Amino acid sequence: MRYMRFKIALIGSFAFGIGCQDQGHFTPDMATDLSQSGDRILDGDPLPRPPTDHPALPLLTSTSGRIVANMKAHLVVWPDYPDIAERAREFMQWMLQSEYWTDTLGEYGVGPGSLEQLITLSSAPPTELSDSMIQSMLAKMVEGGQIPIDDNTVVFFLTSPASTVRFQGDVGCGAFGGYHWETTVGTSRVSYAVIVQCGTADPDPFDAISTTISHEASEVATDPRPSSASSWHNVDTGLEISDLCQLLPIRLTATVPGADAGTKDVTYQVTRNYSNRAARQGDEDPCKPVSPSAPPYYGVALDPLVIDIARDENFEGKFIAEIKPYAFGEVGPIEWRILQTSGGLSFDPDRGVNNPGDTVRVVVNVNPSLPSSAQLLYVVGRSEAGGRSVWAGAARY
Ligand SMILES: [Zn+2]
């Protein structure tokens, strides 16, 4: 079973008022081996849990161990949005040298990087921009000597709002906000990322751009060749380092070069990144950095992480899962909701307000017309103490 994990998807807003969601995506070959799944029948009432109890948090693993240790980023833009391009250049220059970057990626071996150059193309943006067009542009720039290649090279394409971006059958801003992938030029393998301007973040559309750039950059750094040399990701869900913290961006203050050789302070919205160290420890927020004003760490677990729903001869299937809110301090009741990413499942209940230590049984039914497949599930939580939590699981059916 294999999940496609290099695309950021956008599926709109939900009740908690979070505007922009990105998610992993599943390949068509994911729904295999359903025969091994089975209904789970739970007898009796759930046992009481300590408020801090939760199932083991997901971990990232790597088989190849490949990373981009000191990224040399090249940013390619079209000529019709020079102000955004300049802000993106400034942002990436800051990000790759920042404590944000080294603090959240250092445990995977990633160190500081640099923005090598901004390349502004002279041609007008195409109406349709496919991944193969991106790859051939990239090949031309490498073969023409404009982009020197080594293992640290990563090429970012920030596409024009005038272009409809397509990747593996999906459309940019409809199904995804960006992706990272790899290609071969000559004898070299080259990692690249595509950032789509979807302008969904309010009040500043650059928030969506900086969040997507930081997301794709962090994931390229820790999983640069997802096709040929798979590296850091969660094997159960296919999610990468930023996917596991999606919906939880943070705003950071950055000091960047300003006028007259001075500096200026700006704020950037960026993705948070998943820490295996914190996840193993289990009692601190694994999504880094954590805001200094954040409440005690809390979350709402889906147990099990992956729900395997067996289908009967009528293609019906049912599973009883458990929702387990937890907190490492006083946060009050936690409001939670289960989000499915492609639909066709029903959850009873699909939301609630519960105290840490409660266990809620959830009956999951699959629509008989839903083909065998898999999708990501997110349990989002929030408490009056502030902040929010995301638990990323999956269902196979
Ligand atoms: Zn991602």
Side-chain angles (χ1 to χ4, degrees), residues 2-12 18-27 30 58-62 66-68 71 73 92 95 100-101 104-105 108 110 131 154 156-159 165 167-168 170-182 191-198 200-201 207-227 230-250 269-276 279 286-288 339 341-342 374-378 380 390-394:
R2 173 159 162 72
Y3 299 82
M4 195 165 75
R5 62 175 185 276
F6 30 79
K7 244 188 286 192
I8 284 192
L10 303 167
I11 60 166
I18 301 167
C20 167
Q21 182 167 4
D22 65 55
Q23 75 197 51
H25 220 269
F26 299 99
T27 46
M30 62 209 155
L59 293 174
L60 302 170
T61 56
S62 171
R66 181 173 280 277
I67 54 161
V68 180
M71 186 180 292
M92 290 184 73
M95 176 186 73
Y100 158 71
W101 183 258
T104 67
L105 303 178
Y108 304 97
V110 175
D131 189 53
V154 179
F156 291 79
F157 292 85
L158 175 60
T159 65
V165 181
F167 180 63
Q168 298 188 344
D170 282 334
V171 181
C173 297
F176 63 89
Y179 63 90
H180 69 96
W181 198 229
E182 55 175 303
S191 303
Y192 65 97
V194 175
I195 313 296
V196 187
Q197 296 189 49
C198 297
T200 48
D207 286 348
I209 295 170
S210 57
T211 304
T212 305
I213 291 174
S214 55
H215 181 120
E216 296 303 335
S218 300
E219 293 187 341
V220 178
T222 49
D223 189 14
R225 299 186 189 174
S227 172
S230 184
S231 194
W232 296 100
H233 71 287
N234 176 258
V235 290
D236 295 315
T237 57
L239 295 171
E240 294 176 308
I241 189 169
S242 307
D243 298 327
L244 285 168
C245 298
Q246 60 196 324
L247 303 176
L248 305 171
I250 191 168
Q269 182 177 291
V270 293
T271 186
R272 289 162 65 193
N273 286 326
Y274 201 76
S275 164
N276 263 353
C287 289
K288 308 292 184 188
L339 299 174
T341 48
S342 56
Q375 63 178 295
L376 296 171
L377 302 175
Y378 293 101
V380 293
V390 169
W391 184 279

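Order of listing sets the numbers, starting from 1, for every ligand and every atom in it. The shown structure was predicted, so the numbers you read here are calculated from the model rather than taken from an experiment.
Judged purely by atom type and a 3.5 angstrom limit, Gln375 uses its side chain to pair as donor or acceptor with the backbone of Ser342.
With sequence neighbours excluded, the residues forming a side-chain contact (heavy atoms from CB on, under 4.5 Å) with Ala193 are Phe156, His180, Glu216, Val220, listed by chain and number. Residues that satisfy the side-chain contact (heavy atoms from CB on, under 4.5 Å) test with Thr61, not counting sequence neighbours, are Val235.
Counting just the N/O/S atoms of His215, the one with the shortest distance to the Zn ion (ligand 1) is named NE2. When you scan the N, O or S atoms of Asp243 for the one nearest the Zn ion (ligand 1), you land on OD1. For Glu219, the N/O/S atom at the shortest distance from the Zn ion (ligand 1) is named OE1.
With no hydrogens or angles considered, a side-chain donor-acceptor pair links Asp131 and Tyr192 at under 3.5 Å.
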